[in-house]
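Just so it is clear: chains get the letters A, B, ... in the order the sequence lines come, proteins before strands, and each one is counted from 1.
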Amino acid sequence: MSVETAADGEPETAATGVRSSLAERLDRRSILLGLAGSLAFLAVWQVGAMAIGRTYLLPSPVAVATAFAGELAKSETVTLPLVGELTGSKLVVKLFQSLVHYVPGLLIGTVLGVALGVAMAWNRTLDDLFTPVTRVLRPIPPLAWIAFAIVWIGIGHGGAIFIVAIGAFWINFYNAYSGVEGVPQSQREVAASLGVHSDWGMIRKVVLPSASPEILTGVRTSIGQCWMIVVAAELFGAPGVGYQIINASQNLDTAVSVVYMFVISLVFLTSDALFRRVEGRVLAWRE
Amino acid sequence: MARVDGVADGDRRVAVDGVTKVFGVEDDDPVRALDGVSFTVEAGEFVCIVGPSGCGKTTLFRIIAGLEGATDGEVRLDGDPVTGPAMDRGMVFQEYGLFPWRTVIENVAFGLEQQDTTAEERRSRSQEMIDLVGLDGFESAYPNELSGGMKQRVGIARALAVDPAMLLMDEPFGSVDAQTRNMLHDELLDIWAETEKTVLFVTHDVEEAVKLADRVVVLSSGPGTVADVVDVDLDRPRSRTDAAFGEYQERILGLIHES
């Protein structure tokens, strides 16, 4: 029995060799251009800040760098729920305060969102029961729930966690729902003919793995979105990076605000890159 | 052993008995897809169902597979009415239905995992099936890395792994090129000879049916009924250029056009 090959190995390798060196050249070009653009941005920013001449209106990059070093050098001690007492650089401590909102909120919202999304897409009765409710509640921005966060929990750590969880919930709910809806009928039918008869068996062995690309996209989206939400929630007074941004600006210490704005950007980029690696490994079968 | 007409159903593997399917029974405008379809398939036989598109052959396939119920009539397997999909009927679809997150060998082992088997039993049985369909060396490949023909070999190996009484195939080679299809025909006949499974094969391609089948169930459309059942009395391997081959083809095409 002969087997036709999917992709012939030899010519492919030669072609890849040419392509990779071309890619390398392109890479170098885009790195140089990216560097040039960034420097130009910094230059315009610096010149603009010098022209305006008032740091509180527009702090210069140099002022921001100085403020960054200052925040890093300051020491602070806080007591955090779950973590306990924490002493360290102010910048790191503030970041941990935000993480105390971000991580539990993200986890709770993701688990509940995926669970309900899968359940509703799988079960017709649940779907019919809750579709109107989810349609109406979904467009409400997570931050609008601040009203209930305040009266139910108070605007401390708990309130911020609540807001973040709502944000993560909807993102994961809709991705999980459409992922499960998109599971090919043939996969379910083959599984049924091969002995999978229970709902739970079908969900575990076919539906979840089949929908995993969409579910993981939802998780990755919420990892990013929840950084935006956590900052917004803290602007209302929960301690953390977001609160530092608003607090520093109220003291006209705008350079410090910018420092924490960049902190958010950095942690977002880091967590997104980390999750992309996880995702790439879990979904290796897609390539 | 000579078979006598009219013996009990237990003697026949598959009995399709007066199967009627009406879609939208509760609507104002119900559509009758199948109307009183009856035929039998003996154990170990290779039977093709052919008919024009819209004749309800896929609906018939789904009823025999247990994926859909009949409005009237029933399908019996060894005398027992079919009530749902089960491991005694291995299914092979045109679009493969492979599990893309599983490697070739993990796809083949899927059905065995639902049974009481050890990891070693699963591995050796799956390997046996992979060798049978000629995919040795591709055990760890993912479906996305395979050509259409290779994907369908995985589909066949996966269906056979749980040792079903029969293979149910719905246009299994409809998505591969003509050259690969010819190769897969020969391989399927080899596998059929080796495993002695009953095969029920749905196709719109008359030539494919004449090449493969012991008997061809010809469906006519609007609603689907059995126009005739043609015994293909040709030695294998069959050649398309053979005069008798052409005559069978003409006869079946005639039956389809008449209706």
_chain B neighbours within residues 215-226 of chain A, where any heavy atom lies under 4.5 Å away_ = none
*Could you have a look at Glu113(B), Arg158(B), Arg102(B), Glu95(B) and say which one has the most heavy-atom pairs with chain A under 4.5 angstrom?*
Arg158(B)
*Using a heavy-atom cutoff of under 4.5 Å, enumerate the residues of residues 268-280 of chain A that contact chain B, numbered in order, or state 'none'.*
none
*Might you confirm whether atom CD of Glu120(B) has over 12 heavy atoms from other residues, nucleotides or ligands at distances under 6.0 Å?*
yes
*Answer with side chain, backbone, both or neither: which region of Leu98(B) has an atom nearer than 4.5 Å to a non-hydrogen atom of chain A?*
backbone
*First locate atom CZ of Phe99(B), then atom OG of Ser210(A), and finally report the distance between them rounded to the nearest 0.5 Å.*
9.0 Å
_Tyr174(A), OH atom: more than 12 neighbouring heavy atoms under 6.0 Å_ = yes
_Residue pair Leu208(A) / Trp101(B), side-chain heavy-atom distance below 4.5 Å_ = no
*What parts of residues 184-201 of chain A touch chain B if we use heavy atoms and a cut-off under 4.5 Å?*
Gln185(A), Ser186(A), Gln187(A), Glu189(A), Val190(A), Ala191(A), Ala192(A), Ser193(A), Leu194(A), Gly195(A), Val196(A), His197(A)
*Measuring heavy-atom distances to chain B, does Val282(A) have an atom under 4.5 Å in its side chain, in its backbone, in both, or in neither?*
neither
_Sorted by number, residues from residues 108-132 of chain A in contact with chain B (heavy atoms, under 4.5 Å)_ = none
